[in-house]
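Report on one structure; see the data block that follows.
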Amino acid sequence: MRPDTPAAHTTEAERLLRTAAQYPGDREPLYLQAAAHLELAGDRPGATALYDDLLSSEPANPHLIRALKAANLWEYGHEAEARAIIEGLRGARPSDAAPWEIAAETLEAHDELEEAEATLTQAARLLATAPDDLPHATRSLITTRHRVRRMLALPHDDWDTLADRLHTAAVPLDELHDPKRLWSLGSEDPAELQAEITRLRSELGTYRTALSRPFPVAVLHWPERELDELLAAYPELEAEYPTYTAHLTDIEASLRELAQAGTPNLGIVRATVPSYEAFAASESTHPSNADLLPQYATTLAARARATTWPPARGAECWCGSGETYGKCHGSDGHERVTFRPAR
């Protein structure tokens, strides 16, 4: 059951922190989830302490953590510090859309619409350079930018037009982002209220689809050294992994097959022998048991270890070769996989 009281959120945060102690390799995503629950519980100083704890080490996503920390700080009276963090983020020019969007939405939430729009525009210039192949996070960013610009009554530009084109819901973005919609919420006319409910349902549809799976359907990838170590220790698994090249080929083929069957939200998880052995021990079975491999992949994905497949155009291939995906495992004559939103 999803927590819905401050006490339940605190309990969930404590559970996540215990899990982080058990799985130190997953500490960062688990701490971020715990911090979110502390914020919902009203313990904003406690959430800040978790963000600071992460930042004191060498986190994988420092910009994201700083953006979340800024949003949290502003909510309990530390506006100056939050502004300084956001300004620092803009200067750092993150290559991921999430920190930009969190920073902009923090500004928007505190009526700093011009600054929010400037932040989102700076991000769009940096990230939305290939409009025909934008990652989901970048699409979300330009949609947020469309909303902020609509509230500022600014004319459409190329990115607003792109946001309109990428929007697939029945209600157009201009209508969804119309500031006058807020006025209808105070109406006593049932017809107006019903129209607003319809709009809100349309707006939330995309989020329901995106959140319909808590983690991707993931395929296991053993880097070459890890695979050599695995097979040296457990030769019984050679039937699963005859060669490293075959292993890579099987990964790409499996993911393409899943995509063609309509499976959404696909990902790849990187395996290591120590992690696999620890998982086998936790399941009270021997690592040579091949039936354990898909369970291990699912567990890694559930612990936020999956990377999205297929990679964005121009991104490095998932295999670690250093080549772009289009020149590596995406270049063997197959059409690039694209996903259509579920209806």
Where the side chain of Thr19 meets the backbone of Arg15, is there a donor-acceptor pair that is under 3.5 Å apart?
-> yes
Can you hop from Leu89 to Ile102 via hydrophobic side chains spaced under 4.5 Å?
-> no
Glu115/Arg90 ion pair, N-O < 4.0 Å = yes
Heavy atoms, side chains only, cut-off 4.5 Å: are Leu107 and Glu114 in contact?
-> no
Are Ile85 and Leu68 in one and the same hydrophobic cluster, where Ile, Leu, Val, Met, Phe, Trp and Tyr link if side-chain heavy atoms are under 4.5 Å apart?
-> no
State, to 0.1 Å, how close Pro155 and Asp160 come at their nearest heavy-atom pair, and which atoms those are.
-> O-OD2, 3.8 Å
Run the numbers on Glu14 and His9 for side chain to side chain contact (heavy atoms under 4.5 Å, CB included), then give the verdict.
-> CA-CA 9 Å; Glu14 292 170 350; His9 283 295; over 6 Å; no
Could you tell me whether the side chain of His110 and the main chain of Glu112 form a donor-acceptor pair under 3.5 Å?
-> no
To the nearest 0.5 angstrom, please state how far the OG1 atom of Thr307 sits from the CD atom of Glu316.
-> 11.0 Å
Aromatic ring centroids of His146 and His156 under 6.0 Å?
-> yes
Using distance only, find each side-chain donor-acceptor pair of residues 39-62 under 3.5 Å and give its atom names and separation, not counting sequence neighbours.
from	atom 1	to	atom 2	distance (Å)
Glu39	OE1	Arg44	NH1	3.4
Glu39	OE2	Tyr51	OH	2.6
Asp43	OD1	Gly46	N	2.9
Arg44	NH1	Asn72	OD1	2.8
Thr48	OG1	Arg44	O	3.3
Thr48	OG1	Asn72	ND2	2.8
Thr48	OG1	Tyr76	OH	3.0
Asp52	OD1	Lys69	NZ	2.6
Asp53	OD1	Arg27	NH2	2.8
Asp53	OD2	Arg27	NH2	3.4
Ser56	OG	Asp53	O	2.6
Ser57	OG	Leu54	O	2.8
Asn61	ND2	Glu28	OE2	3.4

Trp222 and Glu229 side chains, donor-acceptor separation under 3.5 Å = no
Roughly how far apart are Thr144 OG1 and His177 NE2, rounded to 0.5 Å?
-> 7.5 Å
Would you check if Asp157 and Arg149 make a side-chain contact, meaning some heavy-atom pair closer than 4.5 Å?
-> yes
Co-membership, hydrophobic cluster, residues Leu292 and Leu227, 4.5 Å side-chain = yes
Side-chain ion pair, Arg83 and Glu87, N-O less than 4.0 Å = no
Output the distance between atom NE2 (His63) and atom OG (Ser95), rounded to the nearest 0.5 Å.
-> 7.0 Å
If you take all heavy atoms of Leu126 and Arg93, which pair is closest and at what distance?
-> CD1-NH2, 3.1 Å
What's the verdict on side chain to side chain contact (heavy atoms under 4.5 Å, CB included) for Leu173 and Thr143, showing C-alpha distance, side-chain angles and the deciding distance?
-> CA-CA 8 Å; Leu173 276 186; Thr143 300; 4.1 Å; yes
Side-chain contact test, heavy atoms from C-beta onward, threshold under 4.5 Å: evaluate it for Tyr325 versus Trp309 and give yes or no.
-> yes
Does Leu127 reach the side chain of Trp100, with side-chain heavy atoms less than 4.5 Å apart?
-> yes
Looking only at heavy atoms, which two atoms of Val219 and Leu255 are closest? And how far apart?
-> CG2-CD2, 3.6 Å
Would you say the side chain of Tyr276 lies within less than 4.5 Å of the side chain of Leu293, judging by non-hydrogen atoms?
-> yes
Taking only Lys NZ, Arg NE, NH1 and NH2, and the carboxylate oxygens of Asp or Glu, determine whether Arg145 and Glu101 approach each other closer than 4.0 Å.
-> no
Do the ring planes of His247 and Tyr241 sit parallel (below 30°), tilted (30 to 60°) or perpendicular (above 60°)?
-> perpendicular
Provide the closest heavy-atom pair for Ile86 versus Ala70 in the form atom of the first, atom of the second, distance.
-> CG1-CB, 4.0 Å
Asp174 and Asp178, any side-chain heavy atoms less than 4.5 Å apart | no
Test side chain to side chain contact (heavy atoms under 4.5 Å, CB included) on Leu30 and Leu17 and set out the steps.
-> CA-CA 7 Å; Leu30 291 169; Leu17 293 175; over 6 Å; no
Smallest separation among heavy atoms of Trp318 and Leu248, with atom names = CH2-O, 3.5 Å
Side chain to side chain contact (heavy atoms under 4.5 Å, CB included) between Arg165 and Leu162, intermediate numbers included | CA-CA 5 Å; Arg165 179 165 62 83; Leu162 176 61; 3.0 Å; yes
Min side-chain heavy-atom separation Cys328-Cys319 under 4.5 Å | yes
Are Leu73 and Ile65 in one and the same hydrophobic cluster, where Ile, Leu, Val, Met, Phe, Trp and Tyr link if side-chain heavy atoms are under 4.5 Å apart?
-> no
Would you mind reporting whether Glu117 and Leu154 have side-chain heavy atoms less than 4.5 Å apart?
-> yes
Supply the atom-to-atom distance Leu231 CG to Glu240 CD, rounded to the nearest 0.5 angstrom.
-> 10.5 Å
Nearest-0.5 Å distance, CD of residue Glu226 to OG of residue Ser275 = 9.5 Å
Can you name the nearest heavy-atom pair linking Leu64 to Ala98, along with the distance?
-> CD1-CB, 4.1 Å
Looking only at atom types and distance, does a side-chain atom of Thr138 sit under 3.5 Å from a main-chain N or O of Leu134, one as donor and one as acceptor?
-> no
Going hydrophobic residue to hydrophobic residue with side-chain gaps under 4.5 angstrom, can you get from Leu258 over to Leu220?
-> yes
Do Thr249 side-chain atoms and Thr245 backbone N/O form a donor-acceptor pair below 3.5 Å?
-> yes
So OG1 of Thr119 and CD of Glu108: to nearest 0.5 Å the spacing works out to 11.0 Å
